[in-house]
Amino acid sequence: MARTATVPAQAEATKTVRKFYAEIRVGDLHVDQTLDSARLFGTNTAEDAGPATQRKKDAAWTARLMKMWDPFALLPAIVSLRENGQYYLLDGQHSTEVAVEKEGPDFLRDCMVYEGLSDEQEAKLFLAANRDRKAVKPFDIFRVSITAGDPRNTRILAEVESCDLGISGSTSANKIGAVQALTSIAVMDEKHAARNESGSLIYPLVLPEGRSPLIPQVLQVVEDAWGRNPATWEGIMLRAVAMVLDRNPGARLDRLSRKLAGHGKRKPLTVAQWKESSIANTVGGGGSSSRSTPLAKHIVNEYNDGLTENFLIHPGRPDKD
């Protein structure tokens with residue numbers, strides 16, 4: 001049974017807003033396509049800005065929600081019940097779209113419903129739901145996902161712990177704080193892993209012959225190069241080494257470690273020096289992900305220096321015929 005409450009409508013003193021919870025068919029939840037983003041965000045006033053009350057449909061985010069779909073974990077949508085008797089989404093557009101695709105239009109979604117909102121109040125609720133939120137730190141998400149039984153992150157933790165290391169919100173000699181880098185490395189493995197008939201990954205992960213999980217290899221390579229200290233577990237370096245090994249699963253790990261450490265050079269090479277070289281070769285500086293690409297290419301060049309055969313291939317470059 002729906003629970004109801006009333007709250008005063010501050011923008012219109014004579015109007016009362018009714019608030020209640022209800023289960024609503026996802027097929028009856030609408031997205032308003034007649035209001036412009038200028039009213040909601042107060043910034044985009046161009047005539048060609050395009051009609052949208054909410055953010056433009058984000059295909060990548062919707063695709064991610066499709067893969068993560070779990071009806072039990074679907075939180076209530078925030079909905080405005082308008083005078084025309086129709087329900088309009090203020091928060092939950094993408095997940096509702098996924099619910100329709102996965103479960104069909106008759107799937108009942110829990111909703112927090114506001115009845116009697118003005119346009120201004122709708123906009124305020126939309127902003128409160130989509131803009132005025134404190135970002136959750138990657139490690140906090142990771143830690144909770146372990147409790148929730150997330151298979152990818154459970155695998156990441158097990159592989160890190162197999163190297164007698166841990167994962168933390170900050171990096172130390174024996175703790176890795178680069179959660180996003182570890183996640184990107186796990187995704188590299190998943191691109192090669194076996195899947196079932198429905199397209200879902202099989203756990204424990206099944207990799208093709210000649211491939212091994214990347215995280216233990218990457219951690220061993222960088223530890224052999226620089227030992228255990230906070231700089232060793234730099235996310236940009238972890239990602240770059242993984243890119244090299246993902247493209248070249250037959251690479252010699254001992255040679256890779258020696259090249260990273262600068263063996264044979266006048267002075268040892270540090271992680272900081274490798275990072276500087278990647279920034280110098282990145283247009284506009286770039287983020288950690290974009291800096292990993294030129295860094296990976298630099299690592300391949302150093303590895304190949306002095307070889308007459310069994311060269312490594314740059315990440316992203318196709319095999320030669």
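Scope of the values below: all heavy atoms of this structure, side chains included, with no hydrogens, waters or symmetry mates.
Considering only heavy atoms from C-beta on, Y203 comes within 4.5 Å of R152 through its side chain. Looking only at side-chain heavy atoms (C-beta outward), L205 and P213 stay at 4.5 Å or farther from each other. For the pair Y88/L117, no side-chain contact is recorded, criterion being any heavy-atom separation below 4.5 Å from C-beta on. M188 has its side chain within reach of M243: a pair of non-hydrogen atoms, C-beta onward, lies under 4.5 Å apart. When side chains are defined from C-beta on, L238 counts as touching L219, because their heavy atoms get closer than 4.5 Å. Residues K265 and E302 form a side-chain contact, since some pair of their non-hydrogen atoms from C-beta on lies under 4.5 Å apart. Side chains of L89 and V79 form a contact here, defined as non-hydrogen atoms less than 4.5 Å apart. Using a 4.5 Å cut-off on side-chain heavy atoms (C-beta onward), L165 and W233 make contact.
Following chains of ILVMFWY side-chain contacts shorter than 4.5 Å, one can reach L245 starting from L307, so the two form part of one hydrophobic cluster. Under the 4.5 Å side-chain heavy-atom criterion for ILVMFWY residues, no single connected hydrophobic cluster contains both L207 and I156. The same ILVMFWY cluster, assembled from side-chain heavy atoms under 4.5 Å apart, contains both Y114 and Y21. Residues L253 and I185 are members of one and the same hydrophobic cluster, defined by side-chain heavy-atom contacts under 4.5 angstrom among Ile, Leu, Val, Met, Phe, Trp and Tyr. I146 and I215 fall within the same hydrophobic cluster, where Ile, Leu, Val, Met, Phe, Trp and Tyr residues are linked whenever their side-chain heavy atoms come under 4.5 Å apart, directly or through other members.
Going from atom CG of L127 over to atom CG of L90 covers 10.5 Å, rounded to the nearest 0.5 Å. To the nearest 0.5 Å, atoms NE2 (H30) and OG1 (T96) are separated by 11.5 Å. With rounding to the nearest 0.5 Å, the separation of NE2 in H298 from OG1 in T293 is 14.5 Å. Note that CD of E120 and CG of L125 are 11.0 Å apart. Values are rounded to the nearest 0.5 Å. Between atom OG of residue S170 and atom CD1 of residue I176 there is a gap of 12.5 Å, rounded to the nearest 0.5 Å. Summarising the geometry, atom CE belonging to M66 is positioned 8.5 Å from atom CD belonging to E97; distances are rounded to the nearest 0.5 Å.
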Checking side-chain contact (heavy atoms from CB on, under 4.5 Å) for the pair E115/F20: CA distance, chi angles, key distance, verdict?
CA-CA 8 Å; E115 182 179 4; F20 59 94; 4.0 Å; yes
Trace of the side-chain contact (heavy atoms from CB on, under 4.5 Å) decision for T147 with R143:
CA-CA 7 Å; T147 304; R143 180 176 55 186; 5.6 Å; no
Derivation of the side-chain contact (heavy atoms from CB on, under 4.5 Å) call for Y303 and N248:
CA-CA 12 Å; Y303 181 100; N248 302 275; over 6 Å; no
Under the side-chain contact (heavy atoms from CB on, under 4.5 Å) criterion, do H314 and R247 qualify, and how do the steps go?
CA-CA 7 Å; H314 286 160; R247 186 65 186 85; over 6 Å; no
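Remark: R252 pairs with no residue by the side chain to side chain donor-acceptor pair (under 3.5 Å) rule, at least two apart or across chains. Taking D28 as the reference, R25 meet the side chain to side chain donor-acceptor pair (under 3.5 Å) condition, with sequence neighbours excluded.
Judged by distance alone, the side chain of D150 and the main-chain N or O of N153 form a donor-acceptor pair under 3.5 Å. The main-chain N or O of L75 is found under 3.5 Å from a side-chain atom of R109 such that the two form a donor-acceptor pair. Between the side chain of N304 and the main chain of L312, a donor-acceptor pair closer than 3.5 Å is present. Under the 3.5 Å distance criterion, the side-chain polar atoms of R155 are matched with a main-chain donor or acceptor of A186. Side-chain atoms of W274 come within 3.5 Å of backbone atoms of L260 as a donor-acceptor pair (strictly under, hydrogens ignored). With S168 contributing its side chain and G177 its backbone, the two residues share no donor-acceptor pair below 3.5 Å.
A salt bridge does not link D246 to K191: none of the charged nitrogens lies less than 4.0 Å from a carboxylate oxygen.
When all heavy atoms of V179 and P138 are compared, the pair lying nearest together is CG1-O, 4.1 Å. Considering every non-hydrogen atom in both G235 and A178, the closest pair reads CA-CB, 3.7 Å. Nearest heavy atom pair, residue G116 against residue Q121, reads O-OE1, 4.0 Å. When every heavy atom of M237 is checked against every heavy atom of V271, the shortest pair comes out as CB-CG1, 4.4 Å. Contact between P216 and C163 at its shortest, heavy atoms only, is CA-SG, 3.8 Å. Shortest non-hydrogen contact noted between S292 and A240 is O-CB, 3.6 Å.
The environment of Q86 atom CD is dense: over 12 non-hydrogen atoms of other residues, nucleotides or ligands sit within 6.0 angstrom.
Sequence neighbours left out, the pairs with a member in residues 217-231 that pass side-chain hydrogen bond (donor to acceptor under 3.5 Å, both in side chains) are N174-R228, Q220-D224, E223-R228, N229-T232.
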